**Student:** 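Structure in structure tokens, see below.
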Amino acid sequence: MAEITAKLVKELREKSGAGVMDAKKALVETDGDMDKAIELLREKGMAKAAKKADRVAAEGLTGVYVSGNVAAVVEVNAETDFVAKNAQFVELVNETAKAIAEQKPADNDAAQNVKLASGETLTDAYVNATATIGEKISFRRFQVLEKTDAQHFGAYQHNGGRIGVITVVEGGDEALAKQISMHIAAMNPKVLSYKELDSQFIHDELAQMNHKIDQDNESRAMVNKPALPHLQYGSKGQLTDEVLAQAEADIKAELQAEGKPEKIWDKIIPGKMDRFKLDNTKVDQEYTLLAQVYIMDDSKTVEAYLDSVNAKVTEFARFEVGEGIEKASNDFENEVAATMAAALNK
């Protein structure tokens with residue numbers, strides 16, 4: 001039988017990422033054959049990963065990578081936020097973002113065959129990471145963005161990498177693009193403009209907002225406060241020329257009823273029309289970037305601010321770790337705590 005030296009174990013560890021004992025056992029089982037030991041570790045890693053496949057991995061990090069006119073944002077999940085700080089995990093996230101940006105796969109299935117700098121495919125790298133780190137590590141999603149030479153990327157990560165944003169801005173500069181990305185990280189718009197909102201979605205959201213107004217009015221009635229009116233519209237897409245013309249006619253009738261001189265109406269109407277538009281685009285303000293109040297200048301919407309500096313956003317991507325993933329009640333932390341408690345009671 002071949003002698004299993006410390007040097008041999010070290011070499012296998014460097015090639016496979018396995019722990020000392022796992023590397024030594026693999027070399028013993030394969031009589032010191034390095035290639036067979038690597039394959040054995042890979043098979044065991046796949047088996048370990050399979051056992052963890054049903055666990056919920058909702059922690060992790062986003063990765064952002066920019067190179068020239070191509071950028072990528074990825075989300076990689078782990079079971080605990082403790083492992084999300086692991087150096088091996090962080091390196092895997094960063095290497096994944098770089099490989100995705102450089103190879104630009106068409107979808108998640110194609111991404112599994114993307115090769116990292118090590119030569120491993122994404123599939124193999126995540127199987128091995130699951131085996132060596134000790135909990136389920138999974139590649140969840142990615143988005144690749146491209147720009148022209150005249151455009152700018154704004155790349156930003158927030159809260160230790162739990163939120164990752166890339167924005168493409170035309171006009172302005174990289175500093176402006178990054179500021180817009182910071183706004184997106186904080187305010188979480190879902191789409192760029194009202195044109196991307198589905199009419200049924202607007203209808204449903206407006207109904208929810210009016211339901212909330214009804215609840216508020218119940219409380220206001222208890223303290224003799226006047227009721228708040230229902231919102232009639234929710235999006236700029238609903239404010240047709242006819243709707244705006246009727247709103248202006250209603251304002252004129254109101255001014256006439258109040259006895260305001262007609263010669264000053266032109267000074268009053270624009271402000272009231274702006275208020276009408278603001279009150280009737282609440283769904284836009286909640287979900288669309290351009291309609292939100294800009295966090296760097298709360299006197300303007302994002303769209304108005306961009307117009308003032310001759311710039312516009314053409315595209316953005318925002319990933320937040322774990323959004324949309326339902327965590328299991330019996331999560332990994334509870335499992336570890338239960339195992340430790342059982343060991344202490346023996």
Side-chain angles (χ1 to χ4, degrees), residues 17 49 52 55-67 70-102 108 111 114 116-118 122 125-126 128-145 152-169 174-190 289 292 294-296 302 313 315-329 331-337:
K52 296 176 174 69
R55 289 178 174 172
V56 175
E59 299 298 333
L61 288 174
T62 63
V64 170
Y65 182 82
V66 176
S67 179
V70 181
V73 56
V74 303
E75 180 186 351
V76 179
N77 296 128
E79 293 179 62
T80 66
D81 58 0
F82 176 77
V83 164
K85 299 178 179 71
N86 175 289
Q88 181 186 349
F89 181 82
V90 173
E91 184 179 2
L92 177 62
V93 174
N94 291 334
E95 286 186 357
T96 298
K98 183 175 186 291
I100 291 291
E102 290 174 344
N108 260 33
V114 162
L116 303 182
S118 64
L122 228 58
Y126 281 76
N128 292 336
T130 296
T132 57
I133 292 175
E135 64 179 66
K136 181 180 177 181
I137 308 298
S138 58
F139 173 71
R140 185 185 182 196
R141 54 179 172 158
F142 75 93
Q143 188 168 335
V144 174
L145 296 88
H152 306 283
F153 280 134
Y156 178 68
Q157 286 179 282
H158 182 69
N159 194 16
R162 289 190 62 86
I163 297 173
V165 182
I166 298 175
T167 306
V168 180
V169 172
E174 285 187 13
L176 172 65
K178 185 173 181 179
Q179 287 177 352
I180 298 297
S181 289
M182 292 171 70
H183 171 99
I184 291 167
M187 301 306 292
N188 194 18
K190 302 303 183 186
L289 172 62
Q292 291 179 337
Y294 186 35
I295 59 172
M296 305 292 183
V302 173
V313 172
E315 188 180 9
F316 73 88
R318 180 190 188 277
F319 285 180
E320 183 167 353
V321 170
E323 59 187 348
I325 299 176
E326 191 168 332
K327 295 185 182 182
S329 57
D331 58 22
F332 186 67
E333 290 93 333
N334 291 337
E335 182 183 327
V336 171

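For the single chain, residues carry numbers from 1 onward in sequence order. Values reported hereafter were calculated over all heavy atoms of this structure, with side chains retained and with hydrogens, waters and symmetry mates removed. All figures in this text were calculated on a predicted structure; none of them were measured in a lab.
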**Student:** On a heavy-atom basis, which atom in Ser181 and which in Thr167 lie closest, and how many Å separate them?
**Tutor:**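 What the structure gives for the nearest pair is OG-OG1, 2.7 Å.
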
**Student:** Between Glu59 and Phe82, is there a donor-acceptor pair closer than 3.5 Å when you use the side chain of the first and the backbone of the second?
**Tutor:**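 Answer holds: no.
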
**Student:** Taking side chain to side chain donor-acceptor pair (under 3.5 Å) as the test, write out the residues that go with Lys178, two or more places apart.
**Tutor:**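 Here no residue qualifies.
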
**Student:** Is the shortest side-chain heavy-atom distance between Asn159 and Val321 below 4.5 Å?
**Tutor:**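 No; the side chains remain at least 4.5 Å from each other.
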
**Student:** Less than 4.5 Å apart, side chain to side chain, heavy atoms only: is that true for Ile184 and Pro189?
**Tutor:**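 In contact.
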
**Student:** Run the side chain to side chain contact (heavy atoms under 4.5 Å, CB included) test against Asn108 and tell me which residues pass, sequence neighbours left out.
**Tutor:**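 Scan of Asn108 (side chain to side chain contact (heavy atoms under 4.5 Å, CB included), adjacent residues dropped) gives Phe139, Phe142.
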
**Student:** Going by the rule ring-ring contact (aromatic ring centres under 6.0 Å, His included), which residues pair with Tyr294 if we only count those two or more places apart in sequence or in a different chain?
**Tutor:**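 Only His183, Tyr305 meet the ring-ring contact (aromatic ring centres under 6.0 Å, His included) criterion with Tyr294.
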
**Student:** List the residues meeting side chain to side chain donor-acceptor pair (under 3.5 Å) with Gln157, not counting sequence neighbours, and say none if there are none.
**Tutor:**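 If we apply the side chain to side chain donor-acceptor pair (under 3.5 Å) test to Gln157, skipping adjacent residues, the hits are Thr62.
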
**Student:** With heavy-atom distances below 4.5 Å as the criterion, would you say the side chains of Val93 and Glu91 are in contact?
**Tutor:**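 No, their side chains stay 4.5 Å or more apart.
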
**Student:** In sequence, state the C-alpha distance, the side-chain angles, and the governing distance for Ile137 and Phe89, and then conclude on side chain to side chain contact (heavy atoms under 4.5 Å, CB included).
**Tutor:** CA-CA 8 Å; Ile137 308 298; Phe89 181 82; 3.7 Å; yes

**Student:** What's the spacing between Ile295 CD1 and Ile180 CD1 if we round to 0.5 Å?
**Tutor:**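 So the CD1 of Ile295 and the CD1 of Ile180 are separated by 8.5 Å.
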
**Student:** For Arg162 versus Gly60, what's the shortest heavy-atom pair and its separation?
**Tutor:**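 Minimum heavy-atom separation between Arg162 and Gly60: NH1-O, 4.4 Å.
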
**Student:** I'd like to check the side chain to side chain donor-acceptor pair (under 3.5 Å) partners of Ser67; sequence neighbours left out, ordered by chain and number.
**Tutor:**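 Per chain and number, Ser67 pairs via side chain to side chain donor-acceptor pair (under 3.5 Å) with no residue.
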
**Student:** Going by the rule side chain to side chain contact (heavy atoms under 4.5 Å, CB included), which residues pair with Ala185 if we only count those two or more places apart in sequence or in a different chain?
**Tutor:**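 Testing Ala185 for side chain to side chain contact (heavy atoms under 4.5 Å, CB included), a comparison that skips the adjacent residues, returns Tyr156, His158, Ile163, Val165.
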
**Student:** Going by heavy atoms in the side chains, are Ile133 and Gln88 under 4.5 Å from each other?
**Tutor:**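 A side-chain contact exists here, since the closest heavy-atom pair is under 4.5 Å.
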
**Student:** Do Glu323 and Arg141 meet the salt-bridge criterion of a basic N to acidic O distance under 4.0 Å?
**Tutor:**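 Glu323 and Arg141: salt-bridged.
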
**Student:** With sequence neighbours excluded, what pairs up with Ala155 under the side chain to side chain contact (heavy atoms under 4.5 Å, CB included) test?
**Tutor:**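 Checked Ala155 against side chain to side chain contact (heavy atoms under 4.5 Å, CB included); matches are Val64, Val66.
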
**Student:** What residues form a side chain to side chain donor-acceptor pair (under 3.5 Å) with Glu320, not counting sequence neighbours?
**Tutor:**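 With sequence neighbours excluded, Glu320 shows a side chain to side chain donor-acceptor pair (under 3.5 Å) to Arg318, given in chain and number order.
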
**Student:** Quick one: pull up CE in Met296 and CD in Gln179 and give me the separation to the nearest 0.5 Å.
**Tutor:**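 That separation rounds to 5.0 Å.
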
**Student:** Going from CG on Leu116 to CD1 on Ile100, what distance comes out if it is rounded to the nearest 0.5 angstrom?
**Tutor:**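 Between atom CG of Leu116 and atom CD1 of Ile100 there are 8.5 Å.
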
**Student:** Rounded at 0.5 Å granularity, tell me how far CD in Glu315 sits from CD1 in Ile166.
**Tutor:**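 If I round to the nearest 0.5 Å, the distance is 9.5 Å.
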
**Student:** Can you check whether Glu79's main-chain N or O pairs, donor with acceptor, with Glu135's side chain at less than 3.5 Å?
**Tutor:**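 The answer is yes, because a donor-acceptor pair under 3.5 Å joins these two groups.
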
**Student:** Which heavy atom in Val73 sits nearest to a heavy atom in Ala317, and how many Å separate them?
**Tutor:**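 Nearest pair, atom of Val73 first, then Ala317: CG1-CB, 3.9 Å.
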
**Student:** Between CD of Glu75 and OG1 of Thr96, what distance do you get to the nearest 0.5 Å?
**Tutor:**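 Reported value, rounded in 0.5 Å steps: 12.0 Å.
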
**Student:** Please enumerate all residues that pass salt bridge (Lys or Arg N to Asp or Glu O under 4.0 Å) together with Glu174, with sequence neighbours excluded.
**Tutor:**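 Glu174 satisfies salt bridge (Lys or Arg N to Asp or Glu O under 4.0 Å) with no other residue.
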
**Student:** Looking at every heavy atom in both Ala101 and Ala71, which two are closest together, and how far apart are they?
**Tutor:**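 Ala101 and Ala71 have their closest heavy atoms at CB-C, 4.4 Å.
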
**Student:** Run the side chain to side chain contact (heavy atoms under 4.5 Å, CB included) check on Val168 and Phe316 step by step: do they pass?
**Tutor:** CA-CA 6 Å; Val168 180; Phe316 73 88; over 6 Å; no

**Student:** Of all residues at least two apart in sequence or in a different chain, which pass the side chain to side chain contact (heavy atoms under 4.5 Å, CB included) check with Val90?
**Tutor:**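 Scan of Val90 (side chain to side chain contact (heavy atoms under 4.5 Å, CB included), adjacent residues dropped) gives Leu61, Asn94.
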
